[in-house]
Every structure is written in C-alpha cells, then in structure tokens.
Number of protein chains: 2
Amino acid sequence: MKLKEFAKYLDLSPTTVSRALSGYPEVRESTRKRVADAAIRLGYRPNINAVRLVTGRVGAIGILMERGREVNFAEFLSGMGERLGGEDIDILVSPIAEHDAKEEMQLFSRLVESRRVDAFIVNAPRPNDERIALLHKLGMPFLVHGRSEIDVPYAWLDIDNEGAIKRATAYLLDLGHTRIAMINGRPGVTFSMHRDKGYHDALVERGLQFDPSLVAHGSFTDEVGFRFARSFLEQSPRPTALVAGSMMTALGVYRAARSLGLIVGKDISVIAHDDVFPYLNADNMAPSLSTTRSSMRAAGKRSAELVLQLLSGRSPTEIQELWPVELILRESTGPAGTRA
Amino acid sequence: MKLKEFAKYLDLSPTTVSRALSGYPEVRESTRKRVADAAIRLGYRPNINAVRLVTGRVGAIGILMERGREVNFAEFLSGMGERLGGEDIDILVSPIAEHDAKEEMQLFSRLVESRRVDAFIVNAPRPNDERIALLHKLGMPFLVHGRSEIDVPYAWLDIDNEGAIKRATAYLLDLGHTRIAMINGRPGVTFSMHRDKGYHDALVERGLQFDPSLVAHGSFTDEVGFRFARSFLEQSPRPTALVAGSMMTALGVYRAARSLGLIVGKDISVIAHDDVFPYLNADNMAPSLSTTRSSMRAAGKRSAELVLQLLSGRSPTEIQELWPVELILRESTGPAGTRA
DNA sequence: ACACTTTTTGAAAACGATTTAATTTAATCT
DNA sequence: AGATTAAATTAAATCGTTTTCAAAAAGTGT
C-alpha cells in the first residue's frame, strides 16, 4: 500500500500521515494515534527506497570483511548488532579477498563512491591507510577500529595493544624470563606494530637486548602458531616464554609445546591475546591460558554507538577512545627456570 | 553530479545517457563510448537510491546472524562474498540475539516487511520454521541453507548431514566400536535432527541398541565439547568412540581425553564434523582429526549463486541441492579395544 | 528522390516518499 | 466579539533516476 492510498483511507493528507508516523511534534496526538493504529492494522510501511531517495540517507553502515579475519570480524559484527538492534540501520558487509591491494582499493572506492552506506567502519588499518585518505577526501563519515598514522583527522576506537603487550612482557620478565619470543599478527597493520613496540620497549626498559629473531608475524591461525612456536622452541637456548597474538595462535603454541614434550606453565610460559570468543575459553584450556583480554564484541557495540554519534553530527576529532586491556593471569605462566 | 547535469555536459538527453550506462542495445556504439569515458572522467555515478526507487530493486540480500553461530556464519558470508564480488549486490547482515523466539520473529518480520532486501537466506532452519512460512506468505524470494519440514515449497541447499554421520558412525562400527557417543549441535534445529537420525540408523542397521544417554546436544563450543566428553568418558563402561559436531567441540573432546589420561586414536576414537576453517585445521591437530568435511565457504558461495538465480526468475522448487560430505580418515580413529 | 525500415535520440511520466511554504482551524487575550 | 497567536493540516515541489511512447535521424531498396 502506498502513502497516498493510506492517507486517503484515513481522510488525511499524505503530509500529515508522514509526519504522524515519523513522530513530528506538529500533529495532534489523537491524529497520530489514529494513524499509527491504522498503519499497523493495514500493514502500511513507507517504501524504503523512496524514503532514502528523499532524505538522502541510506540507513546502513558499511564494513569490510577481509578474508582471513572472519573470526574476529564475526564477533565485532555481533557487537554492532547489539547496539543497532532498535535503530533502523542495517549493516552492510562487503567481503573482500585482500589478494591484491590495488584491487582491494578499487572495490573500496566503488563501494564508497556509490554511497550505499551512510558511514563506514574501517578495520585493521595500516599506518598509511589509503582507505582512510579516500573516505576523508570524499567526506564520508567513518570510524576506524584501530589506529593509523595517516595525516588526516579521523574518529577511532582502539585497544591499547602496545600497553597490553608491554605489560604482558614485563610480567614475564618479572617472573625471571629473559628469552621471550613473540608470535605477532600480520606484518604491516598498525596493531601488530603497536604490539611490536610494547614488546620491544618492555625488554629495553629492563636493559635487555631486543632480538628480532625472537619475533614472528603471521595471521591468527592455529597453523601459524604451531609452526613458529616449533621453530622457536627448537632453538637453543630455548625461549622460556612466549607471547601469542591470539587464541588461535595459542592453540598452535600449546600443540607445539606438547609435541616437544614441554609443559606449558613450567617449561614454557605462554600469554596470548584473547578477543573473547564464546566458543573458545582461555579458562578452559589445559593448562588455563594467561591472557591479555579485550572483548571484540564490546568494541563492535561501542563502534556502532560512535558511528551513530558521528551521523548525528558529532565531530570526528572528538572521537578517540583508547581502551585499556586486562591482563589475566592463569596457569600458563610461571617462574622461569623451574624445569628448563 | 546528477544525471541531468551530466547529460547536459554531453549534450545528450538523460534518457540516452542512462541507456548508454546500463548497456541497452539501442544506443550507438560511439555514443556509448563517449558517455562511458565521460562518466569515468567526471566521476558520475547514478544515485543509488533513485535507481532503487524506480527499479523497485534494493540490490541486497539479507541474512541473519544468530548469536552463538558467528564462527560458521563468518565463513558462509565470506563464501557469499566470493560470488557477489562482481555483482552490484550487497549483503545485509542483521545480527540477532535468539534469546526470545517471539522477539526474534518480530525482528524478522520487520526486516522482511520493510523490504530492505531483494531476497533472504535463512540459516539453521527448524523443522517447522515460522520464518520460512512468513517469507513464503510475503512472496519474498529466499533460499534456505539447510532444510525444514514445513509444508511450503522453498529453495534449499543443504549438506547430507544424515548420510555423513551415518557413514562416520558405520565406520566406527566397522572398527569394532560398539559404545559410540555423539555430541551433536543444538537441539531443535533440523541439521541436528538429521545427524541424530544418521547416528541412530547406523547403529540400528547393525542390530545395535540405540542408547539415548550416549547422545548430547549443545552449541558448537569448546566448552560444550569438554563437558559432555568428560561426562561420557567417565561412564563405565566407557564409550570407545565419539562423534563430535564441530571442530570446536572436538577441541573440547581432545582436552577432556587428555585430562583423563586417554589417548585419542587409541583409547578413544574421535570423528568430528569440519566446516573447514582457515584458522583451525584438522590435519594439524595432535593427533590429526578424522572428519566429515564440507566447506561452509563453498556453501556460502553456491548459496549466493542460487539466490541470484532465484532473483532472475528461476523457480524455487527447482532449487534443491543436497551436497555429499567427505569422510576423511586421519589418526584420531583406530580399532576398538587396542588399549581399553 | 521517394517511400519504407531500422537505428538513435528525447520529452515526459512514473517511482513513493519528505518537506517547505501556505492555509485552515483552534486557542488565547483584550 | 474581534484581533492575535498558536496549532494542525495540506498543496505542491522535490529527491534522481528509469522507462514508455513518440519523434528524429540514418539506411535501404527501387
């Protein structure tokens, strides 16, 4: 049913009906009630495309899903959903392959320029991220989940990766560990670099030498965790502690330790970063896994909120949130030298 | 820039320009070229909302993301993206909480009735799924990923859960196992029921008694896997084999076995269903895990294709694909009685 | 050069809402 | 009651395309 017919049925003008439904103040309460009731009864709903054309708003937030990052992404998305539930705003997901940086950027441009969304969320930014430059240039509102080093103002929400890893590393140092390895995330993205820095600084501040051969980079998979952990643990002298980039990585690390007959928490201490997945719990691992913890879901929820604020006019430069990260100690960390 | 201005610049009518860009045959090749070049040069793009209003198409496929199923979902989504890459069609994700079935259904109605999408994909259907009934009633094209038992015609793509689990169970029986436990998915969804049936039939066809106390249901998490595996493995007589619903479940199962000093592949044989995640590989587990395997990503890709066909007029009743499931034998399965 | 097709192009009418500016109705004040 | 102000309603313009139907231009065959 169209507005026109619906209005005629109510013996009102389309104008009044439209206003009544959108909650404008200048329509009499009794009229509004009458309209609202009839709308439900007759099942009238404004044609969304017409609304969008005339208001210029699309009613959607865009977000890219990069191949290989689906796990974290899903949690983030779920968090967004929590906030966006009541709002009349959809989430538009564009899965991309990330094979080719140029191709990726082209897809991105098309997506942004065709204005299918009111705002964007940029994930896993790089230090000099073209996407951010483009969004800024085009005047499309956007929030960066993470940080970049690019020279344009932008709104962001990030967790304190540097501080978290620094603290984790320092804690391992406190336990007496001196050879500490790290399996970080993919190279080139800002958050990996922040973690590198946290690790590096913790060592240097204690007067220890930074040894680049103890740091590896790779995606957050069981496989990467296993491979690098094996190669670290086969070195001699063997590292006595290991910082892992994710829960998946940690699974691989545990497996590698086990395969070498090493006991996690004794022969090798492990701390991993935990994005808090409902299906994989650090407490439940054996031994339970010490983690730096920050909920991806919570970040998604808050990001949605911030984008909403952005859309209602808040200045991007005011939106800069750096979340602290918890350090949760469990059984996978212990004093150095107990058995090694 | 608007079509009108753009057309004026080219000294053509909006009509011709529109046609040239949409590839209609009745525009001269030289004209089309001129228009296309200018469009790129000046960066003209049709306003998407105007296009949608006039064509009546939204250019989006809707899909629900249920809380707790994010892992699988992300893979599926990623697969959809592979197919939808070139098309001008977005994926609209609505995360839902699944707390309350009534609430869920309301959200769903709102989503469907407001026609923000051209088609829907329904995931994890139940035997009598109201969502399917609603979509059918409203005439919204949709594809079910999985199957229902509802009495309306619908397009579906499913994997042969029943056959897969039947084969897995039969294989374990062939190895001499007689007490085989199963940790299945959530109760109430069709695919869990199909798996139950496969398990049940395999036993019964060999003349074995079906023992309901050996079957558990729960979500696909490490935690659920652990808890149920523990309780199964503490029974006496202890089951000598276990069928697990997912890779996450299997992680919990492995942990439970380890915690009881049991060796997977010797004391307890394990087969799990593997949706093929890039971050968790059955080959890499220790011992490597025998699986029934079917790629969730491939299903997503194919689903997108089928929805596209649906949108271009193919009849829903013609679309019914049942995919076979591979059984991959690795080290986690072995003959019964070796050590027990 | 003429009549007749076939190609190309264009004018104007949708598509279905929101919103501005104008008008009517009701309320308030002397 | 009449003038003034405030509240409620509406007519008409607008958003930016696509598409129908008609007209102009270009070919074709005699």
Side-chain angles (χ1 to χ4, degrees), chain A residues 1-39 42-60 88-90 110 113-118 311-312, chain B residues 1-39 42-60 88-90 110 113-118 311-312:
Chain A
M1 161 145 33
K2 304 179 198 179
L3 173 59
K4 221 166 149 185
E5 312 166 32
F6 182 54
K8 187 166 290 171
Y9 167 86
L10 284 169
D11 206 21
L12 282 171
S13 73
T15 312
T16 305
V17 173
S18 169
R19 284 197 182 116
L21 291 175
S22 329
Y24 276 59
E26 64 266 64
V27 43
R28 204 196 306 161
E29 194 47 41
S30 61
T31 312
R32 177 194 317 291
K33 182 96 176 44
R34 194 159 68 93
V35 173
D37 288 350
L42 303 193
Y44 168 74
R45 276 176 211 266
N47 176 305
I48 195 149
N49 290 327
V51 174
R52 286 172 173 176
L53 173 57
V54 72
T55 59
R57 253 176 250 120
V58 182
D88 213 27
I89 294 194
D90 304 314
R110 227 173 41 93
E113 284 170 13
S114 64
R115 309 222 159 234
R116 313 164 97 83
V117 296
D118 297 317
L311 286 177
S312 61
Chain B
M1 159 146 32
K2 305 178 197 178
L3 173 58
K4 222 167 148 184
E5 311 166 33
F6 182 53
K8 186 165 291 171
Y9 167 86
L10 284 169
D11 206 21
L12 283 171
S13 73
T15 312
T16 305
V17 173
S18 170
R19 283 195 183 118
L21 290 175
S22 328
Y24 275 59
E26 64 265 64
V27 41
R28 202 199 306 163
E29 195 45 43
S30 62
T31 313
R32 176 195 318 292
K33 181 95 176 47
R34 193 160 68 93
V35 173
D37 289 351
L42 304 192
Y44 168 75
R45 277 177 211 266
N47 176 306
I48 197 151
N49 290 328
V51 174
R52 286 172 174 176
L53 172 57
V54 72
T55 60
R57 255 178 248 118
V58 183
D88 214 26
I89 294 195
D90 304 314
R110 226 173 40 94
E113 283 170 13
S114 64
R115 308 221 159 236
R116 312 164 98 84
V117 296
D118 297 317
L311 286 177
S312 60

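Residue numbering restarts at 1 for every chain, and letters A, B, ... go by the order of the sequence lines. Because the structure is a prediction, the values reported are computed rather than measured.
No donor-acceptor contact under 3.5 Å links the side chain of R34(B) to the base of dT9(C). Judged by distance alone, with hydrogens and angles left aside, R45(B) brings no side-chain donor or acceptor close enough to the base of dG16(D) to form a pair under 3.5 Å.
Candidate nucleotides dA17(C), dG16(D), dT9(D) were compared by shortest atom distance to the side chain of A50(B), and dG16(D) ranks first. Listed candidates were dT9(C), dT9(D), dT18(C). Nearest to the side chain of T31(B) is dT9(C). Side-chain atoms of L12(B) lie closest to dG10(C) of the nucleotides dG16(D), dT18(D), dG10(C). With dT9(C), dT18(C), dT18(D) as the choices, the nucleotide that has an atom nearest any side-chain atom of S22(A) turns out to be dT18(C).
The CG atom of D90(B) lies 13.0 Å from the CZ atom of R116(B); values are rounded to the nearest 0.5 Å. Here the CG-OG1 distance, from L10(B) to T16(B), works out to 10.0 Å after rounding to the nearest 0.5 Å. We find the CZ-CG distance between R52(B) and N47(B) to be 9.5 Å, quoted to the nearest 0.5 Å. Rounded to the nearest 0.5 angstrom, F6(A) CZ and L42(A) CG are separated by 5.5 Å.
When the P atom of dG16(C) is taken as reference, atom CZ of R115(B) falls 12 Å away, rounded to whole Å. Look at CZ on R28(B): it is 13 Å from C1' on dT6(C), rounded to the nearest Å. In this structure, CD of E26(B) is placed 16 Å from P of dA22(D), rounded to the nearest angstrom. The CD1 atom of I48(A) sits 14 Å away from the C1' atom of dT18(C) (whole-angstrom rounding). Atom NZ in K4(A) sits roughly 12 Å away from atom P in dA12(D) (whole-Å rounding). One can place NZ of K33(B) at 17 Å from P of dT8(C), the figure rounded to the nearest angstrom. With rounding to whole Å, N47(B) atom CG is found 5 Å from dT17(D) atom P. In this structure, N49(B) atom CG and dT18(C) atom C1' are separated by 13 Å, rounded to whole Å.
Scanning residues 51-59 of chain B for heavy-atom distances under 4.0 Å to DNA chain C yields L53(B), V54(B).
Counting heavy atoms from C-beta on, the side chains of L311(B) and R57(B) never come closer than 4.5 Å. Under the 4.5 Å side-chain criterion, counting only non-hydrogen atoms from C-beta, R19(B) is not in contact with R32(B).
Taking only side-chain nitrogens and oxygens, S18(A) comes nearer than 4.0 Å to OP1 or OP2 of dT18(C). Neither OP1 nor OP2 of dT10(D) sits under 4.0 Å from any side-chain N or O of Y24(A). Contact annotation: T15(A) side-chain N/O to dT10(D) OP1/OP2 distance is not under 4.0 Å. Between dG16(C) and Y44(A), no contact under 4.0 Å exists linking OP1 or OP2 to a side-chain N or O. Applying the 4.0 Å criterion to OP1 and OP2 of dG10(C), one finds that T16(B) has a side-chain N or O inside that range. An OP1 or OP2 oxygen of dT8(C) is reached within less than 4.0 angstrom by no side-chain nitrogen or oxygen of R19(B).
A residue-by-residue look at P14(A) and P25(A) shows that P25(A) has its nearest nucleotide of DNA chain D further toward the 5' end.
Under 4.0 Å is where a charged nitrogen must lie from a carboxylate oxygen, and between K8(A) and E5(A) no such pair does.
Shown are T55(B), V54(B), L53(B); of these, the side chain to side chain contact (heavy atoms under 4.5 Å, CB included) with N49(A) is made only by L53(B).
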